[in-house]
Amino acid sequence: KRVVVFISGGGSNMLALAKATAEPDFPAEIVAVIADKADAGGLAKAEALGIPTRAFLRKDYDSKDAHEAAILAELDRLSPDIICLAGYMRLLSATFIQRHEGRILNIHPSLLPLFPGLHTHQRAIDAGMKVAGCTVHFVTEGMDEGPILAQAVVPVVPGDTSDSLAARVLTVEHRTYPMALRLMAEGKIRMEGGRAVSKSLG
Ligand code: GRF
């Protein structure tokens, strides 16, 4: 299966996916990394691994639609089976999602449906949560609300700051995203009728 990964920043999740998919028995390969920032740290990491990269900068386009159209045209050339958003900080339009419905995954640093949106770790701490974690979900038109493929839980410990909790959650993100991608690439989970459907595992 052909995978395209979208990043905006450091790309630690992209790196985890790149390492996992490099294993000979992994049923997917990353064919390109796309960024919406020229200085996304993940671009250099992908290039160091020999993964083709493309940057599409919003300022180079007259509108959000033109920016997306350029990315969609590139995706038509790359023909991905799966698109992984990994620290991609831009909302996709309904047009984009409809074009690739059921093929787009995202990793969100909270246990959805709790704490959609930003500043998830501080919000979990402020709410007095004793656990936090990450969610891999299908991307649908609403933000952070698509069907869930996988989640992982970490403890919130007294004295945690958003940074210490973020670091703890990242460690399980880097395990959970590759695991979810493998399930998707093996056809063991797919989106059907707006829900994540697991193939009968028996
Ligand atoms: C991570 O917390 C991830 O869950 C969120 O963006 C943060 C940075 O991700 N989507 P990365 O290091 O750029 O992969």
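Start at 1 and go down the list; that is how both ligands and their atoms are numbered. Keep in mind that what you see is a predicted model, and the values were worked out from it rather than measured.
For the pairing with Y88, the ring-ring contact (aromatic ring centres under 6.0 Å, His included) check across F6, F96, F56 returns one residue only, F6.
Atom CZ of R58 is surrounded by more than 12 heavy atoms from other residues, nucleotides or ligands within 6.0 Å. Within a 6.0 Å sphere centred on CE of M89, heavy atoms belonging to other residues, nucleotides or ligands number 12 at most. Within a 6.0 Å radius of NZ in K19, no more than 12 heavy atoms belonging to other residues, nucleotides or ligands are found.
Considering CD1 of I71 and CD of E74, their distance stands at 9.5 Å, rounded to 0.5 Å.
Scanning the protein for heavy atoms near atom 9 (O) of ligand 1, the closest one is N13 ND2, 3.7 Å. For atom 13 (O) of ligand 1, the closest non-hydrogen atom of the protein is G11 N, 3.0 Å. Of the protein's non-hydrogen atoms, the one nearest atom 4 (O) of ligand 1 is E173 OE1, 2.7 Å. For atom 8 (C) of ligand 1, the closest non-hydrogen atom on the protein side is G87 CA, 4.5 Å.
Backbone and side-chain nitrogen or oxygen atoms of I107 are examined, and one is located within less than 3.5 angstrom of a nitrogen or oxygen of ligand 1.
The distance from ligand 1 to the heavy atoms of S12 drops below 4.0 Å at these ligand atoms: 11 (P), 12 (O), 13 (O), 14 (O). Atom numbering of ligand 1 starts at 1 in the shown order; those under 4.0 Å from a heavy atom of P109 are 2 (O), 4 (O).
Contact between I7 and ligand 1 is absent, with no heavy atom of the residue lying under 4.0 Å from the ligand. For the pair C134 and ligand 1, no heavy-atom separation below 4.0 Å is found.
Proximity of R90 to K37: side-chain heavy atoms (C-beta onward) are separated by under 4.5 Å at one or more points.
For residues 116-132, no pair satisfies salt bridge (Lys or Arg N to Asp or Glu O under 4.0 Å), with sequence neighbours left out.
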